[in-house]
Amino acid sequence: LKLGSPRLADRLAAKFRVMRALKARGIWLLDTCVVGWYIPQATYYVRSARSGEVQRKAKERPPKRCKTPALALSWELYTKHVVRAAAAAGHLRALIPIGAEGADRK
């Protein structure tokens, strides 16, 4: 999608074609977390007090320690019920979780 036209309208049209093709094949893209963790934010720069160099400032995000609990709560309180309802209605044959946060890390 990013290698084609730089025009936003063309990129969105290509993305929608992919999404419709996935839907036609019965493939769902499902975000487990109901909270947006990757909210776009303006980039800003600061001058280092030590070296005087201009550096890009890290974007503020919710604390990382909150991400896994947010994913678990979202799954338990909402997402798993949507998945169960879809399976019960015959709209789901398989579920493949993706993403490192959803993995069991023991």
Side-chain angles (χ1 to χ4, degrees):
L1 295 177
K2 291 183 180 180
L3 299 177
S5 171
R7 289 188 41 225
L8 177 62
D10 293 341
R11 291 194 326 267
L12 287 174
K15 188 175 281 193
F16 286 132
R17 280 193 302 276
V18 170
M19 299 296 283
R20 283 193 290 272
L22 290 171
K23 181 180 178 184
R25 294 179 60 195
I27 299 170
W28 289 24
L29 298 180
L30 177 67
D31 193 339
T32 299
C33 193
V34 297
V35 177
W37 282 91
Y38 303 104
I39 300 167
Q41 298 172 359
T43 300
Y44 64 99
Y45 299 85
V46 295
R47 186 171 301 277
S48 169
R50 180 174 287 165
S51 68
E53 293 178 344
V54 175
Q55 300 172 346
R56 184 172 47 183
K57 179 75 174 160
K59 296 179 180 180
E60 297 296 325
R61 302 262 190 243
K64 286 191 177 193
R65 69 180 185 280
C66 296
K67 190 170 187 179
T68 299
L71 288 169
L73 286 170
S74 291
W75 173 260
E76 289 298 324
L77 299 175
Y78 178 74
T79 309
K80 79 175 179 184
H81 303 290
V82 172
V83 171
R84 281 186 182 156
H91 300 297
L92 180 68
R93 285 185 272 161
L95 178 68
I96 303 170
I98 61 171
E101 289 87 2
D104 185 15
R105 299 181 207 182
K106 290 188 178 186

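We use all heavy atoms of the structure for the numbers below, so side chains are in, but hydrogens, waters and symmetry mates are not.
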Within residues 72-82 or reaching into it, pairs that qualify as salt bridge (charged side-chain N to carboxylate O under 4.0 Å, His left out) - sequence neighbours excluded: E76-K80
All side-chain contact (heavy atoms from CB on, under 4.5 Å) counterparts of R47, not counting sequence neighbours: V54
Look at atom CD of Q55 and say whether more than 12 heavy atoms of other residues, nucleotides or ligands are closer to it than 6.0 Å. yes
Within a strict 4.5 Å, meaning less than it, do heavy atoms of the V18 and K15 side chains meet? no
Might you point out which heavy atoms bring S48 and S51 nearest each other, and give the distance in Å? OG-N, 3.2 Å
Rounded distance (nearest 0.5 Å) linking atom CZ of R17 with atom CG of L22: 13.0 Å
Contacts of L73 meeting side-chain contact (heavy atoms from CB on, under 4.5 Å) (sequence neighbours excluded), chain-then-number -> L77
Under the side-chain contact (heavy atoms from CB on, under 4.5 Å) rule, collect the residues that match up with R56, sequence neighbours excluded. T43, Y45
